[in-house]
*Asks:* 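Before we start, here is the structure in question, set down as structure tokens.
Every value quoted in this text rests on a predicted model; they were computed, and no experiment measured them.
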Amino acid sequence: MPETQLKEICEESYNRLKKVCMELEKFLNTTTLNQLVQASSDPEQYESYYRDYLSDLRHLLVNCENAYEKLGICLRRARFNKEFAEEALYLVYHTCVNLFFYPKGEVYEEDGRNSYTGRDAIIFHKEVTPELKALTLGMSKVFEYLRDELQYYETDYVTMKRMSATH
């Protein structure tokens with residue numbers, strides 16, 4: 001991949017992750033488990049669901065912050081380091097994109113068929129608050145974009161690294 005194109009992808013990923021981090025942090029700083037549970041129709045049934053959801057969001061925030069900071073370092077260097085940039089984008093794909101689409105608590109899932117019909121691809125396992133729904137669906141657009149842009153780092157990058165290590 002040409003260096004200018006790689007740098008553009010780093011900048012775009014950096015800006016999108018920065019936005020995700022700001023929105024996630026704002027939500028997590030202003031929302032409590034108790035608030036979410038109280039807003040539900042059946043508080044007893046929702047407590048563990050929302051606990052898992054918040055846990056997944058905290059993990060996602062930490063991973064996005066780490067990837068965002070690494071991209072920032074990459075972009076601020078006097079000389080752009082292609083290898084460091086590719087490693088940072090690999091990190092974005094594997095620790096942010098994958099974590100978003102495959103949350104540990106399995107509080108939602110992606111139905112790729114919906115994206116072709118114009119409907120939201122995220123299917124929630126329980127009804128969630130409007131704020132949480134808006135946050136998650138907004139992030140899904142960012143992570144769909146990043147997944148499309150960074151698919152190379154799913155397999156090709158690893159293959160290239162392995163081949164260069166054996167030579």
Side-chain angles (χ1 to χ4, degrees), residues 8-76 84-154:
E8 286 173 10
I9 292 173
C10 285
E11 287 171 352
E12 189 62 36
S13 299
Y14 174 85
N15 291 328
R16 289 177 187 257
L17 284 177
K18 181 178 181 180
K19 184 178 181 248
V20 163
C21 288
M22 288 170 34
E23 290 174 7
L24 257 177
E25 189 167 10
K26 180 182 176 191
F27 180 83
L28 290 170
N29 285 341
T30 58
T31 307
T32 66
L33 174 61
N34 200 31
Q35 288 172 318
L36 291 172
V37 170
Q38 294 308 314
S40 68
S41 55
D42 185 356
E44 225 172 83
Q45 182 186 17
Y46 272 82
E47 188 168 346
S48 68
Y49 177 75
Y50 279 134
R51 185 179 297 114
D52 289 344
Y53 211 127
L54 289 172
S55 178
D56 285 342
L57 291 178
R58 285 190 294 273
H59 281 96
L60 182 63
L61 176 59
V62 168
N63 285 338
C64 287
E65 284 175 335
N66 288 337
Y68 155 77
E69 287 169 8
K70 194 166 189 172
L71 285 169
I73 291 167
C74 175
L75 293 167
R76 286 191 304 272
F84 187 78
E86 287 180 329
E87 189 179 304
L89 291 173
Y90 174 82
L91 181 74
V92 171
Y93 190 91
H94 283 276
T95 64
C96 302
V97 173
N98 281 344
L99 188 61
F100 176 79
F101 285 110
Y102 305 102
K104 185 178 171 187
E106 298 181 357
V107 291
Y108 58 79
E109 62 187 272
E110 178 186 29
D111 184 348
R113 295 171 298 185
N114 281 357
S115 57
Y116 297 113
T117 62
R119 296 194 322 236
D120 294 314
I122 300 298
I123 308 297
F124 297 91
H125 290 182
K126 293 183 186 289
E127 189 63 37
V128 296
T129 65
E131 299 80 15
L132 186 52
K133 184 175 187 175
L135 174 72
T136 305
L137 294 178
M139 287 190 305
S140 76
K141 303 288 185 261
V142 172
F143 287 112
E144 283 173 22
Y145 172 85
L146 290 172
R147 179 173 58 191
D148 290 345
E149 288 297 309
L150 304 178
Q151 268 183 323
Y152 165 78
Y153 297 97
E154 181 181 23

*Asks:* So do Leu17 and Val92 actually touch side chain to side chain, heavy atoms under 4.5 Å?
*Replies:* yes

*Asks:* Answer yes or no: does atom OH of Tyr102 have more than 12 heavy-atom neighbours from other residues, nucleotides or ligands under 6.0 Å?
*Replies:* no

*Asks:* Taking side-chain contact (heavy atoms from CB on, under 4.5 Å) as the test, write out the residues that go with Val37, two or more places apart.
*Replies:* Leu33, Pro43, Glu47, Tyr50

*Asks:* Could you walk me through whether Phe143 and Leu60 pass the side-chain contact (heavy atoms from CB on, under 4.5 Å) check?
*Replies:* CA-CA 11 Å; Phe143 287 112; Leu60 182 63; 4.1 Å; yes

*Asks:* Listing request: all salt bridge (Lys or Arg N to Asp or Glu O under 4.0 Å) pairs with a residue in residues 122-135, at least two apart in sequence or in separate chains.
*Replies:* none

*Asks:* Could you grab the distance from atom CD of Gln38 to atom CG of Leu36, nearest 0.5 Å is fine?
*Replies:* 10.0 Å

*Asks:* So Leu135 and Leu57, do their side chains get closer than 4.5 Å, heavy atoms only?
*Replies:* yes

*Asks:* Please collect all salt bridge (Lys or Arg N to Asp or Glu O under 4.0 Å) contacts where either partner lies in residues 59-76, sequence neighbours excluded, each pair once.
*Replies:*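 Listed once each, the pairs are Lys70-Glu87.
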
*Asks:* Quick one: pull up OG1 in Thr136 and CZ in Phe27 and give me the separation to the nearest 0.5 Å.
*Replies:*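 Reported to 0.5 Å precision, the distance equals 7.5 Å.
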
*Asks:* Enter the distance from Glu86:CD to Leu91:CG here, rounded to the nearest 0.5 Å.
*Replies:*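 Result: 13.5 Å between the selected atoms.
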
*Asks:* Would you check, one step at a time, whether the test side-chain contact (heavy atoms from CB on, under 4.5 Å) holds for Leu146 with Tyr93?
*Replies:* CA-CA 7 Å; Leu146 290 172; Tyr93 190 91; over 6 Å; no

*Asks:* Output every pair passing ring-ring contact (aromatic ring centres under 6.0 Å, His included) with a member in residues 56-76, not counting sequence neighbours, ordered by first then second residue.
*Replies:* Tyr14-Tyr68

*Asks:* When you check the gap from the basic side-chain N to the acidic O, do Arg16 and Glu149 get nearer than 4.0 Å?
*Replies:*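 Between Glu149 and Arg16 there is no salt bridge, as every charged N stays at least 4.0 Å from the carboxylate O atoms.
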
*Asks:* If you round to the nearest 0.5 Å, how far is OH of Tyr49 from CG of Leu54?
*Replies:* 10.5 Å

*Asks:* Hey, mind stepping through Leu150 and Ser13 against side-chain contact (heavy atoms from CB on, under 4.5 Å) and telling me if it holds?
*Replies:* CA-CA 9 Å; Leu150 304 178; Ser13 299; 4.2 Å; yes

*Asks:* Under the side-chain contact (heavy atoms from CB on, under 4.5 Å) rule, what do Asn63 and Phe100 come out as? Steps first, then yes or no, please.
*Replies:* CA-CA 10 Å; Asn63 285 338; Phe100 176 79; over 6 Å; no

*Asks:* Shortest non-hydrogen contact from Glu11 to Leu75?
*Replies:* CG-CD2, 3.6 Å

*Asks:* Just jot down the side-chain contact (heavy atoms from CB on, under 4.5 Å) partners of Lys26, sequence neighbours excluded, or say none.
*Replies:*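 By the side-chain contact (heavy atoms from CB on, under 4.5 Å) rule, Lys26 matches no residue at all.
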
*Asks:* At what distance, to the nearest 0.5 angstrom, does CG of Leu132 lie from CZ of Phe124?
*Replies:* 6.5 Å

*Asks:* Do the side chain of Ser55 and the main chain of Asp52 share a donor and acceptor less than 3.5 angstrom apart?
*Replies:* no

*Asks:* Mind checking what makes side-chain contact (heavy atoms from CB on, under 4.5 Å) contact with Lys104, not counting sequence neighbours?
*Replies:* Asp56

*Asks:* Can you see which heavy atom on Cys64 is nearest to which on Cys96, and at what distance?
*Replies:* CA-SG, 3.6 Å

*Asks:* Can you measure from CD (Glu12) to CD (Glu8) and round to the nearest 0.5 angstrom?
*Replies:*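 Answer for the CD-CD pair, Glu12 versus Glu8, is 9.5 Å.
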
*Asks:* Checking Tyr46 side chain against Ser41 main chain: does a donor-acceptor pair fall under 3.5 Å?
*Replies:* no

